[in-house]
Amino acid sequence: MTSSVKTVHVDLAERGYDILIGEGLIARAGELIRPLMKTGRDRVFVVADETVFGIHAETLRKGLQTGDLCFHSTLVPSGEKSKSFSQLDDVLSDLIEHGAERDDLILAFGGGVVGDLTGLAAGLLKRGARFVQMPTTLLAQVDSSVGGKTAINSRAGKNMVGLFHQPVLVLADLDMLATLPVRERFAGLAEIAKYALIDDPNFFDFLETSAAALAEGNKAALAEAVRVSCASKARIVAIDETEQAERALLNLGHTFGHALERANDYRSSLLHGEGVAAGMAMALRYSVQLGVCPGQDAVRAERLLNALGLATRIRDLGGGPYKPDELLAHMAHDKKARNGKLTLILARGIGQAYIHRDADLTPLKQFLVSEAGATGIQMKPLGYT
Ligand code: NAD
Ligand code: GLY
């Protein structure tokens with residue numbers, strides 16, 4: 001191990017837990033997890049993304065041995081389609097068939113898909129088992145592994161079926177990021193930029209000066225970005241665990257982004273983080289249109305996202321088509337819509353996100369028409385061919 005391990009605590013009283021951030025954590029997984037095991041147990045249940053398991057199973061096996069732990073593995077096909085009722089059934093059935101009990105520890109080993117699915121499975125297993133998040137994507141390390149939102153998708157939409165179920169430990173091992181495809185790294189950088197845009201202009205400055213290093217995968221820059229992002233999320237979750245108010249700010253860019261993802265039928269041609277990046281740029285431009293945000297702040301945000309390898313205009317996104325009427329319909333069916341009015345997360349400037357309630361659909365539709373048909377010179381983001 002070449003660097004120190006940083007710890008961020010999520011302060012939720014008896015449900016509080018640590019996020020460990022550093023190198024070599026999976027290689028020490030057993031030693032780190034052993035104190036959480038119930039007396040007499042030496043087997044954990046790993047639910048893993050099959051791609052991740054194919055690359056890192058040996059590191060995990062040896063890592064668990066450092067705490068004299070053995071494991072049963074349940075493999076999940078990679079990709080968003082695994083956040084489904086049928087996959088949840090497969091995971092739960094496999095866990096139960098192999099003897100998982102409420103006192104056992106379930107380990108989620110993969111990105112946000114496996115983290116969301118495993119957290120839900122753990123929450124449902126025999127009325128609730130404890131679980132550990134071992135996030136292997138940048139996005140999962142800075143966002144989905146922290147805060148206890150678990151979910152699958154249903155015919156009614158994305159993340160419509162889920163539980164708040166907090167993990168008991170998060171191991172964000174920076175070594176895992178070495179094998180992550182570059183496009184997935186960029187997608188994770190979108191969620192990192194989100195924390196800066198919400199309420200942290202100093203972090204925004206750091207991201208601007210470190211953008212090239214972050215886009216190239218520089219470990220020191222990523223370590224700092226993961227630490228600040230986890231601290232930011234931990235702070236917001238501790239204030240508002242079940243999203244009665246402040247936690248909604250973490251959805252900056254998500255109502256636009258989820259509509260883009262849904263219009264693309266959740267295909268891998270538009271990753272979640274890519275939808276969020278474009279969605280955040282749209283949220284800032286819409287804030288400018290409403291007259292609440294200075295135009296130069298929206299331009300600065302867009303430049304940062306582009307420098308982090310992310311597209312910010314609909315015409316530059318993979319997948320599609322993204323039709324304004326369809327996007328509006330998806331936004332209107334969002335979890336946050338009520339009586340034909342929407343709650344949007346907008347911004348008064350960089351680091352000044354706010355909850356904008358009762359947004360009218362008519363000006364929003366005009367905005368979406370202008371966005372979907374927008375023309376002009378746009379820097380082609382990194383990572384797109
Ligand atoms: P993902 O889990 O699909 O992983 C992305 C891809 O990277 C997959 O193909 C996977 O096989 C591969 N991969 C993962 N780790 C790897 C590694 N170390 N090396 C090589 N390949 C690796 O996607 P994601 O971006 O991590 O997560 C997206 C999901 O997270 C979405 O479903 C989204 O809704 C959810 N999410 C949840 C929350 C929350 O609070 N619960 C927050 C944000 C996003
Ligand atoms: N990603 C949004 C949340 O965790 O609340």
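One-based numbering, in listed order, for ligands and for the atoms of each. These numbers were taken from a predicted model, which means no experiment stands behind them.
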Could you tell me whether ligand 1 has any atom less than 4.0 Å away from a heavy atom of [X]?
X      : value
Lys158 : yes
Arg185 : no
Pro181 : yes

Any nitrogen or oxygen of [X] lying under 3.5 Å from a nitrogen or oxygen in ligand 1? Just yes or no.
X      : value
Gly110 : no
Val146 : no
Lys149 : yes

Is there a donor-acceptor contact under 3.5 Å from the side chain of Ser287 to the main chain of Ala347? yes

Name the option, out of [options], that contains the heavy atom nearest to [atom].
atom                    : options                       : value
atom 9 (O) of ligand 1  : Ala48, Ala151, Ser78          : Ser78
atom 40 (O) of ligand 1 : Lys233, Glu50, Lys83          : Lys233
atom 4 (O) of ligand 1  : Thr137, Asn251, Asn159        : Thr137
atom 6 (C) of ligand 1  : Arg183, Glu184, His272        : Glu184
atom 43 (C) of ligand 1 : Thr51, Val276, Val237, Asp143 : Asp143
atom 25 (O) of ligand 1 : Leu139, Asp116, Leu250        : Leu139

Any atoms of ligand 1 less than 4.0 Å from a non-hydrogen atom of Val52? List them with their elements. 13 (N), 14 (C), 15 (N), 16 (C), 22 (C)

Could you list the atoms of ligand 1 found under 4.0 angstrom from a heavy atom of Thr179? 17 (C), 18 (N), 19 (N), 20 (C)

Of the protein's non-hydrogen atoms, which lies at the shortest distance from [atom], and what is that distance?
atom                    : result
atom 1 (N) of ligand 2  : Asp143 OD1, 3.3 Å
atom 31 (C) of ligand 1 : Glu80 OE1, 3.3 Å
atom 4 (O) of ligand 2  : Lys233 NZ, 2.6 Å

Side chain to side chain donor-acceptor pair (under 3.5 Å) contacts touching residues 117-132 (sequence neighbours left out): none

Checking salt bridge (charged side-chain N to carboxylate O under 4.0 Å, His left out) for the pair Asp104/Lys38: CA distance, chi angles, key distance, verdict? CA-CA 8 Å; Asp104 282 313; Lys38 301 269 176 176; over 6 Å; no

Using the side-chain contact (heavy atoms from CB on, under 4.5 Å) definition, which of the options Ile152, Asn153, Asn159 pairs with Asp116? Asn159

Please determine if [X] and [Y] form a salt bridge, counting it only when a charged side-chain N lies under 4.0 Å from a carboxylate O.
X      : Y      : answer
Asp143 : Lys233 : yes
Lys149 : Glu243 : yes
Arg34  : Asp42  : no
Arg235 : Asp199 : yes

Mind checking whether Val146 contacts ligand 2 via backbone (N, CA, C, O), side chain (CB onward), both or neither, at a 4.0 Å heavy-atom cut-off? neither

Would you please test Arg300 and Asp205 for salt bridge (charged side-chain N to carboxylate O under 4.0 Å, His left out) and show each step? CA-CA 11 Å; Arg300 211 177 143 203; Asp205 293 344; 3.0 Å; yes

After noting the C-alpha distance and the side-chain angles of Glu261 and His330, does the key distance pass the side chain to side chain donor-acceptor pair (under 3.5 Å) rule? CA-CA 10 Å; Glu261 279 189 272; His330 294 327; over 6 Å; no

Hey, what's the ring geometry for Phe131 with His165, parallel, tilted or perpendicular (30° and 60° as the breaks)? parallel

Geometric class of the His356/Tyr354 ring pair [parallel <30°, tilted 30-60°, perpendicular >60°]: perpendicular

Just to confirm, does any protein heavy atom lie below 4.0 Å from atom 38 (C) of ligand 1? yes

Is there a nitrogen or oxygen of Arg247 sitting under 3.5 Å from a nitrogen or oxygen of ligand 2? yes

